[in-house]
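Order of the sequence lines fixes the chain letters, A, B, ..., with proteins taken first and strands second; residue numbering starts at 1 for each chain. The figures here come from the full heavy-atom set of this structure, side chains too, leaving out hydrogens, waters and symmetry mates.
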There are 2 protein chains.
Amino acid sequence: MRSASADPTTRERIRDAAVLRFARDGFGASVRSIATDAGVSPALVIHHFGSKDELHAECDEAVLAEIRKAKNESIDELAAGQSILHRFAAADEYAPMLGYVLRSLQNGGPVGQTFIEQMIEDAVGYTKHGVEAGLVKPSRDEPARARYLVLSALGMLMLEITLRPPEDPADLGAIVRDFLTTSYFPMIELYTQGFFTTRRMLDEYLLYVPDPPQDTATEPASD
Amino acid sequence: MRSASADPTTRERIRDAAVLRFARDGFGASVRSIATDAGVSPALVIHHFGSKDELHAECDEAVLAEIRKAKNESIDELAAGQSILHRFAAADEYAPMLGYVLRSLQNGGPVGQTFIEQMIEDAVGYTKHGVEAGLVKPSRDEPARARYLVLSALGMLMLEITLRPPEDPADLGAIVRDFLTTSYFPMIELYTQGFFTTRRMLDEYLLYVPDPPQDTATEPASD
DNA sequence: TTCAATGCTAAACACGTGTTCAGTCGGAGT
DNA sequence: ACTCCGACTGAACACGTGTTTAGCATTGAA
């Protein structure tokens, strides 16, 4: 996306315009609208990228590269347990990328896939740290828990944005920040005190299904 | 949808075909494909419904009506704390409806909206019962919790299905059942034992934000 | 029998889409 | 000066879309 140089290639300008339009309008956005945004003829878009699908693919790559870069640039914060989502929501410059990722999540595209996989991977690391530091309770199935936490958070965000889409997509950062703050309390409460008063449900499940997949199932003492 | 009579009107046949196609292919499904499914000419679809948008609207109504019916028919089970989701996943006959709802969730349509609102409303009732029965811990903000639980569960399901769409949409029931069972363990574990070992995060939040919106904030004794 | 209405269709229309084609412009290389 | 080549465009093409139109049957009423 926005390349470092102040005078980007026409090709880059087209790609950036495409990322933005895809983020705003979804991947159904027309080549013509992208061309107009880039101040260029539709034919030139095809001339440079061959087809709309290839343009889409290059946008995917560009966004993934940008994500990698953003993660590397903020390793410190991320190590502190903040998810990449907070990082993206923090600065409005990430709004297009964030929108693009959410669209890709919504359409089952590869960007969404790998984004989720990465977040799950990260979450496994965070919880591991948390457990070792004694801040987080161990789980009988850490990967399953990490997956559950990521999918529920991301899915919830997606739902929220789909149901109440931002009028101006530039506000996406603000909306995500809003989401993070309003969902923060019920989440923290649930994470802290749980939901049930009894262990009945869990015990019944453990009785019924002897043990979840033996991944990291080191059978931790039940607190 | 599948009307009670064994010999449905052509109009109903078209509507049912539309619900199915919309569920399978999303609301971008062409009038022609729907017409073919119903064994009818595209012109007849317009003749009966006026336009594709009106057809869409009538499908929405039909699905919402079906949902209401299904809920009324299974009040007993629902009172037991099972969500409507379990009910729909239980019988494959609900697969089209389920698919339609998920599509509507994905596209921010009115069906998705009201479906979610209803589920939240129900969840408030369930948790209230649970709290009174001593099975569920009270929350400082019950509506926020109910909303959180519903949105996270539904969003997660949506993500899952979007990322790994069923080959044969008729299997949707099976897939949802699968989802419910695999996500059951981490959910129950989280709900039972929580996530954090300390109350620090929650206490810090409560210190920072004196009190969440005074809805049902009856300031329950912190267990 | 005649008339009107209804269910229905084949064909076309208007439009938006991705893409192609022929050709113009401008600058670098020889 | 000449050529070549890439960036770039306007116009068109092929196609898929929702919708319209004209007309065909069939049915029930007058």
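For B/Phe49, the ring pair (Phe, Tyr, Trp, His ring centres under 6.0 Å) criterion is met by no residue, not counting sequence neighbours. Applying the side chain to side chain donor-acceptor pair (under 3.5 Å) criterion to B/Gln106, with sequence neighbours excluded, gives B/Arg103, B/Thr162. For B/Arg87, the side chain to side chain donor-acceptor pair (under 3.5 Å) test picks out B/Ser74, B/Tyr94, with sequence neighbours left out. Residues satisfying the side chain to side chain donor-acceptor pair (under 3.5 Å) criterion with B/Arg32, sequence neighbours excluded, are absent altogether.
Note on B/Glu73 versus B/Arg68: no salt bridge recorded, every NZ/NE/NH1/NH2 to OD/OE distance being 4.0 Å or above.
Looking at B/Val40 and B/Ile34, their side chains never come closer than 4.5 Å, going by heavy atoms from C-beta outward. For the pair B/Arg140/B/Leu202, a side-chain contact is recorded, criterion being any heavy-atom separation below 4.5 Å from C-beta on.
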Using residues 56-63 of chain B as the side-chain source, report each donor-acceptor pair under 3.5 Å to any protein atom, sequence neighbours left out, with the distance given to one decimal.
from    : atom 1 : to       : atom 2 : distance (Å)
B/Glu58 : OE1    : B/Arg11  : NH2    : 2.5
B/Glu58 : OE2    : B/Arg11  : NH2    : 2.6
B/Asp60 : OD1    : B/Tyr100 : OH     : 2.5

Review item, side-chain donor-acceptor pairs of residues 170-181 of chain A, under 3.5 Å, at least two apart:
from     : atom 1 : to       : atom 2 : distance (Å)
A/Arg177 : NH1    : A/Ala89  : O      : 2.4
A/Thr181 : OG1    : A/Arg177 : O      : 3.3
A/Thr181 : OG1    : A/Asp178 : O      : 2.8

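Applying the salt bridge (charged side-chain N to carboxylate O under 4.0 Å, His left out) test to pairs two or more places apart or on separate chains, those with a residue in residues 36-57 of chain B are B/Arg21-B/Asp37. Pairs engaging residues 111-126 of chain B under the salt bridge (charged side-chain N to carboxylate O under 4.0 Å, His left out) rule: B/Lys71-B/Asp122 [sequence neighbours left out].
Rounded to 10 degrees, the angle between the two end axes of the helix from C/dT1-D/dA30 to C/dT30-D/dA1 is 20°, with five pairs used at each end.
Here B/Met119 contributes atom CE and B/Arg147 contributes atom CZ; the two are 13.0 Å apart, rounded to the nearest 0.5 Å.
Near DNA chain D, defined here as any heavy-atom distance below 4.0 Å, the residues from residues 46-55 of chain A are A/His47, A/His48, listed numerically. Contacts of residues 24-38 of chain B with DNA chain C (heavy atom under 4.0 Å): B/Arg32.
One can place CD1 of A/Ile14 at 10 Å from C1' of D/dA7, the figure rounded to the nearest angstrom.
Nucleotides of DNA chain C lying under 4.0 Å from heavy atoms of chain B occupy a range whose first and last members, 5' to 3', are C/dC8 to C/dA12.
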